Each structure stands twice: as C-alpha cells, then as structure tokens.
Q: 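Sharing a structure, written as structure tokens. Questions coming.
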Amino acid sequence: MEYTQLGRTGLKVSRLVLGTMNFGPQTNEADSHAIMDAALDAGINFFDTANVYGWGENKGRTESIIGNWFAQGGGRRDKVVLATKVYGNMDADGETVWPNHDKLSALNIRRAVDASLKRLQTDYIDVYQFHHVDRSTPFEEIWQAIDVLVQQGKILYVGSSNFPGYKIAQANEVAARRGGTIGLVSEQCLYNLAERRAEMEVIPAAQDYGLGVIPWSPLHGGLLGGVIKKEVQGGRRASGRAADTLADPAGRAQIQAYEDLLDKHGVEPGEAALAWLLTRPGVTGPIVGPRTAEQLESALRAVELELGEELLTGLDEIFPGPGPSPEAFAW
C-alpha cells in the first residue's frame, strides 16, 4: 500500500480509503468485520463513515458495526485513521425532524460527536467531516464548537464534504481570522472520470488551501465498473445513476467506448477508474465501498496499476474534463 499526507497535515493515510456505507444495509456485521480486517491487512489505514449510515430506521448502525470491530482489540483502533461525518438528522426517515437535531449548529455538533463516539466505542475521531453546507449557521459558530471539541480531545482534524469551492475558501478564511484553528484539511467530493466538474472550482480551492481531496463514488454508481460487460454476461444489472446513463443512447455509446478502450489495453474498468483518480493532482485517495471481499481485492489492484500515456489520453478523449476555471465558462 502507498501512503500520502492528508492535505497540509502531518497525518499519513493510505491512497485508498475504505468506505463503509454498505456495512449494515447491504453487508452484514460479520462480513463487514472481515472486510475491515482484510483492508487493514492490506495496509489501508483510512476508514470513512458517517453518523447517518445505516439509513432509514437504522441510522447509526454502520458506526456501531465499526465500534464492535474496534472492541475486538488487536490494535484495530490505533491502526485506523477514523473519519466520520455530521449534518443529517438521526431520526428515522419520515419522522418530523426535531429542532437542532441536524445540520451544523454548535448544539447539534456537540450532541452528534458524543453520539458517534459512543457508537464507535472510541474516545476520539481523527477526521470529523461536515457532510454538507449549512447555510443557516455561520462559520464563526461552527469553528467555536470545533475548537472546544479539539481542546477536549474528542476530534483531531476537520474536513468537509460536498462543499463548493467558495465555501472551502470561506470556511478557511474564517478559521484563519479566528487564529488557533487549523481549518479544513480535507474535502470529500463527487469526482470520477464521468463527473469532472470538481476540477473547475472545488479541487483548485482545495489545493490552494491545502486540503486533501477524497473522491466519493469513484465508479459513478457502478457506471465505470464494466457495467455493459456485466449486463451482457448476465451479471448484476445497472441501477440508479448507471441505469439512467445507459438509457440515453449517447451515454451508452460513451460507456461502450470506455469499456472497449480498456479491453484493448487489457485493463479492468473498475481498476482503471480508481487508478485514474490516483493520477489526478490534489487527490489523496478515492473512497472504495466494497460489499464483498472480492470487490476489495479488485480495488487494491488499482494502487499498483500504472496507466500509460496512450490510455490516459484515450480516457480524456472519451471523458473530457471541463478545463480550468474561469476559462471553462468564461470563453
């Protein structure tokens, strides 16, 4: 496994991030524990979760699964850089959200941290991430709450998720004015071959402010994982974002060209999509969310995969990026 610094910090993290969103909803606890053990054995030390994972009536379930794994001992907690998130309400879907039980008020941040620590069976969180922008709470209040938690030793670093570039700048400028606050050190954003809008504003802002970029959905909902080939072979059919793209003739033709290119070079689509992200400036490592041990093994191969210039050029031709900002939208 390869390691890199998380943004401008001294924290060393693996180039692959283990995403745990499937733990509970799609992968049972025993299999989830086996995947985490396999990830740790392979050198993955960066685990990502969120307080709402588990979804529906089981929000918090994923953190509990991780907490039970930590409780098995064997140095598991000490070896893991643990990242979780705050923003969404923890009430069951469909229930009325009680005031101050979601978003980023100082009150909810304090409540959410303590609840996550309890579920995770740990006394600190390495990277505490804002899951979304809270347009109602000023960053002065947010950073005041974070400062208290850092002083208490409950969190070490803070990251963002789904922030636009200007909010990354705003958050870190407020942190700088306050003094004594390191500010955001990472941004977790939607970024992959098929979705490159982050290159316009988000990634440049992250680089300028020293944030590590952690792409989520690196296979774009399975679209970049050989979805047409699997469909032809009678495997798992596309759903969600992937199905919507394949329903459009132009979108299907693009994905077919992608799979044909990789077939020509003898490279598996999912592994190539991950390896491409590892070549991108500013990227710390993509989040992989395996449902099975086999999917984890495939993701691990991407770290050692080297994409030649001809293949990289071909990928850019099929999935052209937006170009630099402001040129991309100014002329």
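Everything quoted here is computed from the prediction, not taken from an experiment.
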Q: List the steps and the verdict of side chain to side chain contact (heavy atoms under 4.5 Å, CB included) for Glu141 and Ser105.
A: CA-CA 7 Å; Glu141 176 182 344; Ser105 70; 3.8 Å; yes
Q: Could you pull out the closest heavy-atom pair between Ala198 and Pro204, with the gap in Å?
A: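 Looking at all heavy atoms of both residues, the shortest contact is O-CD, 3.8 Å.
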Q: Checking Trp143 side chain against Ala176 main chain: does a donor-acceptor pair fall under 3.5 Å?
A: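 No; zero donor-acceptor contacts below 3.5 Å.
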Q: Are Leu300 and Tyr3 joined in one hydrophobic group, where the rule is that I, L, V, M, F, W and Y side chains link up if heavy atoms are under 4.5 Å apart?
A: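 Same cluster: Leu300 reaches Tyr3 through Ile, Leu, Val, Met, Phe, Trp or Tyr contacts under 4.5 Å.
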Q: Just by modelled atom types, is the Leu184 backbone N or O under 3.5 Å from a matching donor or acceptor in the Asn172 side chain?
A: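 The answer is yes, because a donor-acceptor pair under 3.5 Å joins these two groups.
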Q: Just by modelled atom types, is the Lys12 backbone N or O under 3.5 Å from a matching donor or acceptor in the Gln5 side chain?
A: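 Such a contact is absent between Gln5 side chain and Lys12 backbone.
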Q: Quick one: do Arg178 and Asp147 make a salt bridge, cutoff under 4.0 Å?
A: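 Looking at Asp147 together with Arg178, the answer is yes, because their closest N to O distance falls below 4.0 Å.
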Q: Using modelled atom types only, decide if a donor and an acceptor are shared between the side chain of Asp123 and the backbone of Leu117 within a distance under 3.5 Å.
A: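 Between the backbone of Leu117 and the side chain of Asp123 there is no qualifying donor-acceptor contact (under 3.5 Å).
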Q: Closest approach of Leu211 and Ser160, non-hydrogen atoms and distance?
A: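 Nearest pair, atom of Leu211 first, then Ser160: CD2-OG, 4.3 Å.
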Q: Could you give me the CA-CA distance, side-chain angles and deciding distance for Gln188 and Asn162, then say whether side chain to side chain donor-acceptor pair (under 3.5 Å) is met?
A: CA-CA 6 Å; Gln188 192 176 127; Asn162 305 307; over 6 Å; no
Q: Any carboxylate oxygen within less than 4.0 angstrom of a Lys/Arg side-chain nitrogen, looking at Glu199 and Arg280?
A: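 Yes.
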Q: Applying a strict under-4.5 Å side-chain criterion to I, L, V, M, F, W and Y, I'd like to know whether Met200 and Val202 cluster together.
A: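 Cluster IDs for Met200 and Val202 differ.
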Q: State, to 0.1 Å, how close Gly221 and Ala242 come at their nearest heavy-atom pair, and which atoms those are.
A: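 Closest heavy-atom pair between Gly221 and Ala242: O-CB, 3.6 Å.
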Q: In this structure, would Phe319 and Val213 fall into the same cluster of hydrophobic residues linked by side-chain contacts under 4.5 Å?
A: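 Looking at the clustering, Val213 is in the same group as Phe319.
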Q: Carefully, step by step, assess Asp48 and Ile214 under the rule side chain to side chain contact (heavy atoms under 4.5 Å, CB included).
A: CA-CA 10 Å; Asp48 176 76; Ile214 306 169; over 6 Å; no
Q: With a 4.0 Å cut-off, would you call Asp126 and Arg77 a salt bridge?
A: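 Result for this pair is yes, salt bridge flagged.
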Q: Determine whether a donor-acceptor pair (N or O, by modelled atom type, separation under 3.5 Å) exists between the side chain of Tyr258 and the backbone of Ala194.
A: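 Not a single qualifying donor-acceptor pair exists.
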Q: So, Trp69 and Asp37: side-chain donor and acceptor under 3.5 Å apart, yes or no?
A: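 Looking only at side-chain atoms, Asp37 and Trp69 do form a donor-acceptor pair, the distance falling under 3.5 Å.
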Q: Would you call Lys229 and Glu259 a salt bridge, using N to O less than 4.0 angstrom?
A: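 Glu259 and Lys229: not salt-bridged.
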Q: Check whether more than 12 heavy atoms from other residues, nucleotides or ligands sit under 6.0 Å from atom CD of Glu306, and answer yes or no.
A: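 Open.
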Q: Apply side chain to side chain contact (heavy atoms under 4.5 Å, CB included) to Ser298 and Glu271, showing your working.
A: CA-CA 7 Å; Ser298 176; Glu271 295 171 21; 3.3 Å; yes
Q: May I ask you to test the Ile125-Lys154 pair for a side-chain heavy-atom distance under 4.5 Å?
A: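 A side-chain contact under 4.5 Å is absent here.
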Q: Are Val113 and Tyr124 grouped together when hydrophobic residues (ILVMFWY) are joined by side-chain heavy atoms under 4.5 angstrom apart?
A: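 Different clusters.
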Q: State whether the side chain of Asn108 and the backbone N or O of Lys103 hold a donor-acceptor pair below 3.5 Å, judged by distance alone.
A: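 Here the side-chain-to-backbone pair exists.
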Q: Under a 4.0 Å threshold between the charged nitrogen and the carboxylate oxygen, would Arg15 count as salt-bridged to Glu304?
A: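 Salt bridge absent between Glu304 and Arg15.
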Q: Does a donor on one side chain and an acceptor on the other come within less than 3.5 Å for Asn68 and Gln72?
A: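 No, no side-chain donor-acceptor pair sits under 3.5 Å.
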Q: Taking everything shown except Arg110 itself, do over 12 heavy atoms lie less than 6.0 Å from its CZ?
A: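 It does not: Arg110 CZ has 12 such atoms or fewer within range.
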Q: Membership question, hydrophobic clusters at under 4.5 Å side-chain separation (ILVMFWY): are Trp216 and Val52 in the same one?
A: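 Shared cluster, no.
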Q: Would Arg291 and Thr27 count as a side chain to side chain donor-acceptor pair (under 3.5 Å) if you check the C-alpha gap in whole Å, the side-chain angles of each, and the deciding distance to 0.1 Å?
A: CA-CA 6 Å; Arg291 295 186 302 275; Thr27 306; over 6 Å; no
Q: I want to know whether Trp276 and Tyr191 have ring centres closer than 6.0 Å.
A: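 Yes, close enough.
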Q: Where the side chain of Arg196 meets the backbone of Pro322, is there a donor-acceptor pair that is under 3.5 Å apart?
A: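 No, because the side chain of Arg196 does not come within donor-acceptor range (under 3.5 Å) of the backbone of Pro322.
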Q: Determine yes or no for a side-chain-to-main-chain donor-acceptor pair under 3.5 angstrom, with Thr9 supplying the side chain and Leu6 the backbone.
A: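 Side chain of Thr9 to backbone of Leu6, a donor-acceptor pair under 3.5 Å: yes, one is there.
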Q: Look up atom CG in Asn45 and atom CG in Leu40, then write down how far apart they are to the nearest 0.5 Å.
A: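 It is 8.0 Å, given to the nearest 0.5 Å.
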Q: Going by distance alone, is a donor N or O of one side chain under 3.5 Å from an acceptor N or O of the other, for Asn51 and Glu63?
A: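 Side chains of Asn51 and Glu63: no pair found under 3.5 Å.
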Q: Any heavy-atom pair between the side chains of Ile287 and Phe46 that's under 4.5 Å?
A: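 Contact flag for Phe46/Ile287 side chains = no.
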Q: Tyr87 and ring-ring contact (aromatic ring centres under 6.0 Å, His included): which single residue from His101, His132, His131 fits?
A: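 Going through His101, His132, His131 one by one, the ring-ring contact (aromatic ring centres under 6.0 Å, His included) with Tyr87 is satisfied by His132 alone.
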Q: Is the number of heavy atoms from other residues, nucleotides or ligands under 6.0 Å of Arg252 CZ greater than 12?
A: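 Correct, the count exceeds 12.
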Q: Can a donor-acceptor pair be found, under 3.5 Å and without considering hydrogens, that links the side chain of Thr181 to the backbone of Gly183?
A: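 No, the answer is negative, given that no donor and acceptor are paired below the 3.5 Å cut-off.
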Q: Does some side-chain heavy atom of Val158 sit less than 4.5 Å from a side-chain heavy atom of Ile182?
A: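 Result no, sub-4.5 Å side-chain heavy-atom pair not found.
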Q: Give the minimum heavy-atom separation between Ala83 and Gln129, together with the two atoms involved.
A: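 The answer is CB-NE2, 3.5 Å.
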Q: Compare every heavy atom of Leu278 with every heavy atom of Gly285, then report the nearest pair and how far apart it is.
A: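 So the minimum-distance heavy-atom pair works out to CA-CD2, 4.4 Å.
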Q: Step by step, would you call Tyr53 with Lys85 a side chain to side chain donor-acceptor pair (under 3.5 Å)?
A: CA-CA 10 Å; Tyr53 289 173; Lys85 307 183 193 77; 3.2 Å; yes
Q: Could you tell me whether the side chain of Leu224 reaches within less than 4.5 Å of the side chain of Pro269, counting heavy atoms only?
A: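 The answer is no, as the side chains (C-beta and beyond) never meet within the 4.5 Å cut-off.
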Q: Does Glu140 form a salt bridge (Lys or Arg N to Asp or Glu O under 4.0 Å) with Arg177? I'd like the steps, not just the answer.
A: CA-CA 10 Å; Glu140 287 83 359; Arg177 288 199 302 269; 3.8 Å; yes
Q: Where do Leu274 and Ala302 come nearest, in terms of heavy atoms and distance?
A: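 Heavy atoms of Leu274 and Ala302 come nearest at CB-CB, 3.6 Å.
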Q: May I ask you to test the Leu246-Ile228 pair for a side-chain heavy-atom distance under 4.5 Å?
A: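 In short, these two side chains touch, coming nearer than 4.5 Å.
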Q: Holding to side-chain contact (heavy atoms from CB on, under 4.5 Å), I want the full list of residues that pass it with Ala92, two or more places apart in sequence or in another chain.
A: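 Glu57, Glu95.
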Q: Would you check if Ile255 and Val227 make a side-chain contact, meaning some heavy-atom pair closer than 4.5 Å?
A: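 When only atoms from C-beta onward are counted, Val227 and Ile255 do touch, with a gap below 4.5 Å.
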Q: If I take atom CD1 from residue Ile109 and atom OG1 from residue Thr137, how far apart are they, to the nearest 0.5 angstrom?
A: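 Here the interatomic distance stands at 7.5 Å.
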Q: Do Val150 and Leu156 touch side chain to side chain, with heavy atoms closer than 4.5 Å?
A: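 Val150 does not reach Leu156 side chain to side chain.
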Q: Picking from Glu187, Glu173, Arg8, what satisfies side-chain hydrogen bond (donor to acceptor under 3.5 Å, both in side chains) with Tyr209?
A: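 With Tyr209 as partner, Glu187, Glu173, Arg8 yield a single side-chain hydrogen bond (donor to acceptor under 3.5 Å, both in side chains), made by Glu173.
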Q: Are Leu82 and Val127 close enough, and set up right, to give a side chain to side chain contact (heavy atoms under 4.5 Å, CB included), and what steps lead you there?
A: CA-CA 6 Å; Leu82 174 64; Val127 185; over 6 Å; no
Q: Using the six-membered ring of Phe47, assess whether NZ or CZ of Arg76 lies under 6.0 Å from its centre and within 45 degrees of the ring axis.
A: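 No - Arg76 does not lie over the ring of Phe47 by the 6.0 Å and 45° rule.
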Q: Examine distances only and state if a side-chain atom of Thr20 and a backbone atom of Phe23 form a donor-acceptor pair shorter than 3.5 Å.
A: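 It does not hold such a pair.
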Q: Tell me, do Val17 and Val288 make a side-chain contact under 4.5 Å, heavy atoms counted?
A: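 A side-chain contact under 4.5 Å is absent here.
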